[in-house]
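Here the structure is laid out as structure tokens; the discussion comes afterwards.
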Amino acid sequence: MKVFSLFLLCSFLAWFISNLSDTYESRAHFTLNYRNLPDSLLLGKNSDNLIEAKLRTSGFQFLYYKIFKSRIDIDVSEVEFQNGGYVLSEEILKRQMDQQLSQNISLLDLDRNRLEVDLYQVDSKKIPIKAKLDLQLEQNYILDGKIKISPDSIEVKGPNNEIDTIKSIKTSRIQLNNVNADFSNEVSLVFPKGLDNSIFSIGRVTISGKVSKFSEKIFEVPVQVINIPEGYQVRTFPNSVTILCKATIERLKEISVSDFDIVADYGQLKGTESSTLFLEIKESPQKVYDVRLEENTVNFVLEQQ
């Protein structure tokens, strides 16, 4: 009995395989994958993702298409604008599908005479990224230079009425406490709400900064008086003042008194009988954390030459 059942099963399989090798005409479904979108267009949410085609091929091929929905790439760069919408003609659609089907498959017909693609016009622009960083440095440490954001801008594509309102994109908040060394942190971007039809080129950026230990140094800088009346000279008391400069140890070694310019403007008195002049730092070295006058005023006497 078992031998007879095995014989029947083998006979059925032989018949089934023999029939699968025959040629048939039937319908199969394909999943659509849109690609090669022009830079000026974006794909909307209402585009068809399936298409039905009538094929002539072997039973083996039809069995495959019935079990697995094969994918067909749709080259959107060949769309035409007709009656307010974007379409692919039946001729172009068949050609694109034919190029992707096996040689032993004949495409006979489609379930439509054209494919409507949900596309809309877009603009694009670059938008600066701003870091939302709470940075607390350890005592006697400074941020040596500016915070760096990489990349520092993002490209957005979308309808003009959406992207025109975007002035900047912020990062998510990052909190760094007691920092005493260089840092580099990857952080996500926070996109405004209501931009359903806009696409952003990136979703994360890197925020980094250089941190250095600073020191202090005092410089004795002479006072220069400007706008002195003709025929007179001004003597200040004292004739030099101290400046406290904060910078990295390496930078302080490079700084000299000649890098500072301290000015007292006699013209500020405007005919008053005051004997005090206010001081101003006109020039100071770059790449320093802080520059501060220890005294803001000097006394003076006006002498006729």
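All values below come from the heavy atoms of this structure, side chains included, with hydrogens, waters and symmetry mates left out.
By the rule that hydrophobic residues join a cluster once side-chain heavy atoms approach within less than 4.5 Å of another member, Val263 and Val241 end up as members of separate clusters. Grouping the Ile, Leu, Val, Met, Phe, Trp and Tyr side chains by contacts below 4.5 angstrom, directly or via other members, places Ile147 with Ile202. Linking Ile, Leu, Val, Met, Phe, Trp and Tyr residues whenever their side-chain heavy atoms come within less than 4.5 Å places Ile174 and Ile154 in a single cluster. Under a hydrophobic clustering in which Ile, Leu, Val, Met, Phe, Trp and Tyr are joined whenever their side-chain heavy atoms come within less than 4.5 Å, directly or via other members, Ile226 and Tyr266 fall into different clusters. In this structure, Val187 is a member of the same hydrophobic cluster as Leu133, with clusters built from ILVMFWY side-chain heavy atoms closer than 4.5 Å.
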Legend entry - Working for side-chain contact (heavy atoms from CB on, under 4.5 Å), residues Ile169 and Val190: CA-CA 7 Å; Ile169 297 294; Val190 178; over 6 Å; no

Inset, instruction - Begin from the C-alpha positions of Ile243 and Leu293 and carry the test side-chain contact (heavy atoms from CB on, under 4.5 Å) through to its verdict. - result: CA-CA 5 Å; Ile243 284 185; Leu293 281 164; 3.8 Å; yes

Legend entry - Step-by-step side-chain contact (heavy atoms from CB on, under 4.5 Å) determination, Lys246 to Leu244: CA-CA 7 Å; Lys246 296 181 181 181; Leu244 179 65; 4.3 Å; yes

Inset, instruction - Determine, stepwise, if the pair Val301 / Val234 fulfils side-chain contact (heavy atoms from CB on, under 4.5 Å). - result: CA-CA 6 Å; Val301 293; Val234 170; over 6 Å; no

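Under the 3.5 Å distance criterion, the side-chain polar atoms of Thr171 are left unmatched by any main-chain donor or acceptor of Leu189. With hydrogens and angles ignored, the 3.5 Å screen pairs no side-chain donor or acceptor of Thr276 with any backbone N or O of Val298. A side-chain donor-acceptor contact under 3.5 Å links Lys125 to the backbone of Ile163. Remark: the backbone N or O of Leu50 is not paired with any side-chain donor or acceptor of Asp48 at under 3.5 angstrom. No donor-acceptor pair under 3.5 Å is formed between the side chain of Lys287 and the backbone N or O of Thr248. Side-chain atoms of Gln136 do not come within 3.5 Å of backbone N or O of Leu176 as any donor-acceptor pair. Side chain of Gln100 to backbone of Asp73: a donor-acceptor contact under 3.5 angstrom is found. Listed for the Arg173 side chain is no donor-acceptor partner under 3.5 Å among the backbone atoms of Ala131. Remark: side-chain polar atoms of Ser201 are paired, donor with acceptor, to backbone N or O of Glu155 under 3.5 angstrom.
Residues Glu90 and Lys94 are paired through a salt bridge, judged by an N-O separation under 4.0 Å between the basic side chain and the carboxylate.
The two residues Ile92 and Leu88 have their closest heavy-atom pair at CG2-CD2, 3.7 Å. Listed here is the closest heavy atom pair of Ala53 and Leu107: CB-CD1, 3.7 Å. Across Asn180 and Tyr141, no two heavy atoms sit closer than the pair O-CE2, 3.4 Å. Considering all non-hydrogen atoms of both residues, Pro151 and Ile129 come closest at O-CD1, 3.6 Å. Across every non-hydrogen atom of Val288 and Cys245, the tightest pair is CG1-SG, 3.9 Å.
At a cut-off of 3.5 Å, with distance as the only test, a side-chain donor of Gln224 or Asp261 sits close to an acceptor on the other residue. A side-chain donor from one of Ser258 and Ser256 sits under 3.5 Å from a side-chain acceptor of the other. Side-chain atoms of Glu186 and Thr206 include no donor-acceptor pair closer than 3.5 Å. No hydrogens or angles considered: nothing links the side chains of Ser77 and Asn36 as a donor-acceptor pair under 3.5 Å. Side-chain N/O atoms of Glu220 and Thr242 include no donor and acceptor closer than 3.5 Å.
More than 12 heavy atoms of other residues, nucleotides or ligands lie within 6.0 Å of CZ in Arg95, so this atom counts as buried by the packing criterion. For Gln139, the CD atom counts as loosely surrounded, since its 6.0 Å shell holds 12 or fewer non-hydrogen atoms of other residues, nucleotides or ligands. Remark: Phe81 CZ is packed, more than 12 non-hydrogen atoms of other residues, nucleotides or ligands lying under 6.0 Å away. Within 6.0 Å of the CD atom in Gln286, the count of heavy atoms belonging to other residues, nucleotides or ligands does not exceed 12. For Gln175, the CD atom counts as densely surrounded, since its 6.0 Å shell holds more than 12 non-hydrogen atoms of other residues, nucleotides or ligands.
Between Asn299 and Leu277, the closest side-chain pair of non-hydrogen atoms is not below 4.5 Å. Side-chain atoms of Arg251 and Pro285, non-hydrogen and from C-beta on, do get closer than 4.5 Å to each other. Within the 4.5 Å cutoff, no side-chain heavy atoms of Asn33 are placed close to those of Ile74. In this structure, the side chains of Leu110 and Met97 come closer than 4.5 Å at one or more pairs of heavy atoms. The side-chain heavy atoms of Val211 and Asp144, taken from C-beta on, include no pair separated by under 4.5 Å. Taking the side chain as every heavy atom from C-beta outward, Leu43 and Val76 never approach each other to under 4.5 Å. Proximity of Asn239 to Phe300: side-chain heavy atoms (C-beta onward) are nowhere separated by under 4.5 Å. Taking the side chain as every heavy atom from C-beta outward, Leu93 and Ile51 approach each other to under 4.5 Å.
Taking the side-chain hydrogen bond (donor to acceptor under 3.5 Å, both in side chains) definition, one finds that Asp152 meets it with nothing, sequence neighbours left out. Scanning for side-chain hydrogen bond (donor to acceptor under 3.5 Å, both in side chains) contacts around Tyr34 gives an empty result, with sequence neighbours left out. The side-chain hydrogen bond (donor to acceptor under 3.5 Å, both in side chains) test applied to Gln96 returns Glu78, not counting sequence neighbours.
Here the CG-OG1 distance, from Leu195 to Thr165, works out to 6.0 Å after rounding to the nearest 0.5 Å. Lys170 NZ to Lys130 NZ: the interatomic distance, rounded to the nearest 0.5 Å, is 7.0 Å. To the nearest 0.5 Å, atoms CD (Glu80) and CG (Asn83) are separated by 11.5 Å.
Relative ring orientation between Phe214 and Tyr289 is described as tilted, the plane-to-plane angle lying within the 30° to 60° band.
Checked against the 6.0 Å centroid criterion, the rings of Tyr120 and Tyr86 do not qualify as a close aromatic pair. In this structure, Phe219 has its ring center closer than 6.0 angstrom to the ring center of Phe260.
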